[in-house]
Number of protein chains: 2
Amino acid sequence: MYETYRTSMSKKKYNPTESELEILQILWDKGTATVREVHEVLEQVKDTGYTTTLKIMQIMTEKGLLERNTANRTHIYKPLLSKEKIQEKFLDKMLNGLFKGSENRLIMGALDQKELSPKDIDEIKEYLRQFEK
Amino acid sequence: MYETYRTSMSKKKYNPTESELEILQILWDKGTATVREVHEVLEQVKDTGYTTTLKIMQIMTEKGLLERNTANRTHIYKPLLSKEKIQEKFLDKMLNGLFKGSENRLIMGALDQKELSPKDIDEIKEYLRQFEK
DNA sequence: AATATAATACGAAGATTTTCGTATTGCAAA
DNA sequence: TTTGCAATACGAAAATCTTCGTATTATATT
């Protein structure tokens with residue numbers, strides 16, 4: 001009933017592609033969804049066909065990024081990796097790549113670009129405290 | 001003497017690929033370099049052939065990512081986009097993509113992952129001040 | 001029951017990126 | 001000058017990612 005091909009990808013850390021990431025974000029948001037549901041959100045942002053979305057989600061399942069319930073004719077998909085996990089992975093890549101040696105530029109850049117709420121600011125200040133000596 | 005093909009890519013914001021990014025980072029570091037020099041750094045990290053590096057750098061020049069001085073037989077390459085510009089672009093992508101809605105998780109994640117020096121911390125604290133109303 | 005609708009499966013074409021082999025040529029050393 | 005090495009040019013294969021058309025089948029509608 002539940003499928004999750006993971007043949008030969010067990011350990012290999014898998015990097016979602018651009019398209020896969022878009023789909024993951026929709027699934028994280030919804031928790032669980034059918035291809036149709038994902039596609040309806042996707043096509044508002046991107047000009048793409050239904051079978052394209054389907055195909056990518058099928059491939060993602062093969063890769064072990066998604067799991068699907070095939071009990072009914074209309075399959076229901078669920079992400080296998082948490083948003084937090086993937087965020088961490090990408091962040092790590094940035095810090096050890098593009099921002100290596102200028103890590104705090106990433107932090108300040110983020111502070112610049114986003115209007116953070118006073119609450120966010122406080123949260124960050126509080127968070128900073130733990131690093132002082 | 002100086003080449004920079006920019007045919008038909010004038011406005012199109014160009015996204016460096018994974019491999020291109022690796023090369024850019026070496027060039028930002030060195031300021032200017034030959035293919036050989038770039039390749040010698042690259043192959044310490046990655047199993048790759050000389051002509052592969054050459055080819056990619058040639059393509060990058062066509063794309064307008066690099067400029068090369070062909071006065072001598074051994075060409076000298078230089079990045080055309082600043083590290084800061086690209087950093088900003090990627091950061092922007094993260095904030096509007098993966099981290100949309102949880103922007104401060106990016107900041108806190110960055111604080112976690114890197115051991116920031118006390119100097120960095122102070123800098124960030126100082127920087128934060130400007131956002132408090 | 002017949003027909004229409006909607007879903008999956010799947011192969012293959014397209015597009016992009018990456019890798020590599022080979023040809024050509026400049027330059028230095030013998 | 002001849003030989004050998006190092007550099008570029010370039011095409012094409014390989015690999016990966018994306019898109020799409022078509023076939024098949026389950027479910028709903030009439």
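Just so we're clear, the structure is a prediction, and the values are computed from it rather than from any experiment. Lettering of chains follows the sequences in order, A, B, ..., and the numbering in each one begins at 1.
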- request: May I have the distance from Glu62(A) (atom CD) to dC10(C) (atom C1'), rounded to whole angstrom?
  value: 10 Å
- request: Using modelled atom types only, decide if a donor and an acceptor are shared between the side chain of Ser117(B) and the backbone of Asp120(B) within a distance under 3.5 Å.
  value: yes
message: For DNA chain C, which residues of residues 24-43 of chain A approach it to below 4.0 angstrom with any heavy atom?
response: Val35(A), Arg36(A)
Could you run down the sub-3.5 Å N/O contacts of the protein with nucleotides 25-28 of chain C?
from, atom 1, to, atom 2, distance (Å)
dT25(C), O2, Arg73(B), NH1, 3.4
dG26(C), N2, Arg73(B), NH2, 3.3
dG26(C), N3, Arg73(B), NH2, 3.3

- request: Spell out protein contact along nucleotides 13-22 of chain C as letters: B when the base is contacted, S when just the sugar-phosphate is, - when no protein heavy atom is under 4.0 Å; keep the 5' to 3' order.
  value: ----SBBBBB
query: Quick one: is dA9(D) close enough that its OP1 or OP2 comes under 4.0 Å of any side-chain N or O from Gln58(B)?
result: yes
query: Taking only N and O in the side chain of Tyr50(A), is any of them less than 4.0 Å away from OP1 or OP2 of dC20(D)?
result: no
- request: Look up atom CG in Leu128(A) and atom CE in Met108(B), then write down how far apart they are to the nearest 0.5 Å.
  value: 9.0 Å
message: If the threshold is 4.0 Å, N to carboxylate O, is there a salt bridge linking Glu88(A) and Lys85(A)?
response: no
field: salt bridge (Lys or Arg N to Asp or Glu O under 4.0 Å) against Glu43(A), all qualifying residues, sequence neighbours excluded
entry: none
With His39(B) via ring pair (Phe, Tyr, Trp, His ring centres under 6.0 Å) - residues at least two apart: Tyr50(B)
query: Does the Glu103(B) side chain pair with the main chain of Gly101(B), one donor and one acceptor, at a distance under 3.5 Å?
result: yes
- prompt: Can you check whether Leu81(B)'s main-chain N or O pairs, donor with acceptor, with Trp28(B)'s side chain at less than 3.5 Å?
  reply: yes
message: Using a 6.0 Å cut-off, check whether atom CD of Glu84(A) has over 12 heavy atoms from anything other than its own residue.
response: yes
task: Could you name each residue pair satisfying ring-ring contact (aromatic ring centres under 6.0 Å, His included) that touches residues 61-83 of chain A, not counting sequence neighbours?
output: none
message: Between Glu22(A) and Lys46(A), does any NZ, NE, NH1 or NH2 come within less than 4.0 Å of an OD or OE carboxylate oxygen?
response: yes
